[in-house]
**Student:** 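This is the structure, below, for whatever I ask next.
These values consider heavy atoms only, across backbone and side chains, with no hydrogens, waters or symmetry-generated copies. Quantities reported herein were computed from a predicted structural model and do not represent experimental measurements.
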Amino acid sequence: MRKSYRVKRKRDFNDIFTQGKNVANRRFVVYRLPKEQGHYRVGLSVSKKLGNAVVRNSVKRKLRHVLMEFAPYLTTDDFVVIARKGVEDLSYQEVRKNLLHVLKLATIYQEGVSLEKEN
């Protein structure tokens with residue numbers, strides 16, 4: 001995932017948390033802030049409560065991979081995905097299923113509509 005697709009600055013995270021709307025399921029919380037830009041930007045948050053650095057990085061790798069798979073169907077909003085306790089024990093398919101569910105609830109994932117610009 002390229003840097004232009006990531007939310008990195010603390011100010012951007014704070015804007016999303018304070019001005020955005022949130023949706024959750026048992027495994028993830030998603031904060032969404034509508035923006036008019038060329039593509040989505042995502043921030044990932046995995047707490048130290050989930051495990052050591054190896055476990056947290058494994059969870060983030062799974063999340064990034066799933067988000068890259070969903071990329072053509074994601075809106076141009078900024079959003080933050082927060083992993084809840086228990087995500088570290090899920091398989092890739094379970095992470096994919098739960099993340100897809102919460103992204104649909106947040107209306108970030110637009111099924112059947114490819115939002116990617118054709119070159």
**Student:** What verdict does the side-chain contact (heavy atoms from CB on, under 4.5 Å) test give for Asp78 and Asp12, after you've listed the backbone C-alpha separation in whole Å, the side-chain angles of each residue and the deciding distance to 0.1 Å?
**Tutor:** CA-CA 9 Å; Asp78 285 354; Asp12 292 338; 5.7 Å; no
**Student:** Are Ile16 and Leu99 grouped together when hydrophobic residues (ILVMFWY) are joined by side-chain heavy atoms under 4.5 angstrom apart?
**Tutor:**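 Different clusters: Ile16 never reaches Leu99 through Ile, Leu, Val, Met, Phe, Trp or Tyr contacts under 4.5 Å.
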**Student:** Parallel, tilted or perpendicular: which describes the rings of His65 and Tyr92, with under 30° parallel and over 60° perpendicular?
**Tutor:**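 His65 and Tyr92: perpendicular rings.
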**Student:** Just how far is it from atom CG of Leu100 to atom CD1 of Ile108, taken to the nearest 0.5 Å?
**Tutor:** 11.5 Å
**Student:** If I compare all heavy atoms of Val59 with all of Glu88, which pair ends up nearest, and what's the gap?
**Tutor:**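 Closest heavy-atom pair between Val59 and Glu88: CG2-CA, 3.8 Å.
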**Student:** Look at the side-chain heavy atoms of Ile, Leu, Val, Met, Phe, Trp and Tyr, link any pair under 4.5 Å apart, and say whether Val7 and Ile82 land in one connected group.
**Tutor:** yes
**Student:** Enter the distance from Glu69:CD to Leu74:CG here, rounded to the nearest 0.5 Å.
**Tutor:** 10.5 Å
**Student:** Please give me the minimum heavy-atom distance between Tyr40 and Leu67, naming the atom from each residue.
**Tutor:**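 So the minimum-distance heavy-atom pair works out to OH-O, 3.9 Å.
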**Student:** Does Val80 share a hydrophobic cluster with Val42, counting links as ILVMFWY side-chain heavy atoms below 4.5 Å and allowing steps through other members?
**Tutor:** no
**Student:** So, for Leu90 and Glu94, which heavy atoms are closest and what is the spacing to 0.1 Å?
**Tutor:**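 What the structure gives for the nearest pair is CA-OE1, 3.4 Å.
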**Student:** Nearest heavy-atom pair of Leu105 and Ala24: which atoms, and what distance?
**Tutor:** CD1-O, 4.1 Å
**Student:** Would Asn98 and Val95 satisfy side-chain contact (heavy atoms from CB on, under 4.5 Å), going step by step from the backbone distance to the final call?
**Tutor:** CA-CA 5 Å; Asn98 282 290; Val95 168; over 6 Å; no
**Student:** For Thr76, is there any backbone N or O sitting under 3.5 Å from a side-chain donor or acceptor partner on Gln37?
**Tutor:**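 Checking the backbone N and O of Thr76 against the side chain of Gln37, a donor-acceptor pair under 3.5 Å is found.
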**Student:** If you draw a 6.0 Å radius around NZ in Lys97, do more than 12 non-hydrogen atoms from other residues or ligands fall strictly inside?
**Tutor:**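 Not more than 12 within 6.0 Å, no.
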**Student:** If every non-hydrogen atom of Val30 is compared with every non-hydrogen atom of Ala106, which pair is closest and at what distance?
**Tutor:** CG1-CB, 4.3 Å
**Student:** For residues 20-33, which residue pairs pass the side chain to side chain donor-acceptor pair (under 3.5 Å) check, not counting sequence neighbours?
**Tutor:**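 Pairs touching residues 20-33 that pass the test: Asn25-His101, Arg32-Asp77, Arg32-Thr107.
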**Student:** Going only through I, L, V, M, F, W and Y residues with side-chain contacts under 4.5 Å, is there a path from Leu50 to Val66?
**Tutor:**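 Both belong to a single hydrophobic cluster.
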**Student:** Indicate yes or no for a side-chain donor-acceptor contact from Asn52 to the backbone of Val55 under 3.5 Å, with no hydrogens or angles considered.
**Tutor:** yes
**Student:** Which value, rounded to the nearest 0.5 Å, describes the distance between Lys8 atom NZ and Phe13 atom CZ?
**Tutor:** 7.5 Å
**Student:** Mind jotting down which residue pairs meet the salt bridge (charged side-chain N to carboxylate O under 4.0 Å, His left out) criterion with at least one end in residues 51-62? Sequence neighbours excluded, please.
**Tutor:** none
**Student:** How long is the gap from CG on Leu103 to CZ on Arg96, to the nearest 0.5 Å?
**Tutor:**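 Those atoms lie 11.0 Å apart.
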**Student:** Side-chain heavy atoms under 4.5 angstrom apart, residues restricted to Ile, Leu, Val, Met, Phe, Trp, Tyr: same cluster for Tyr5 and Tyr109?
**Tutor:**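 Shared cluster, yes.
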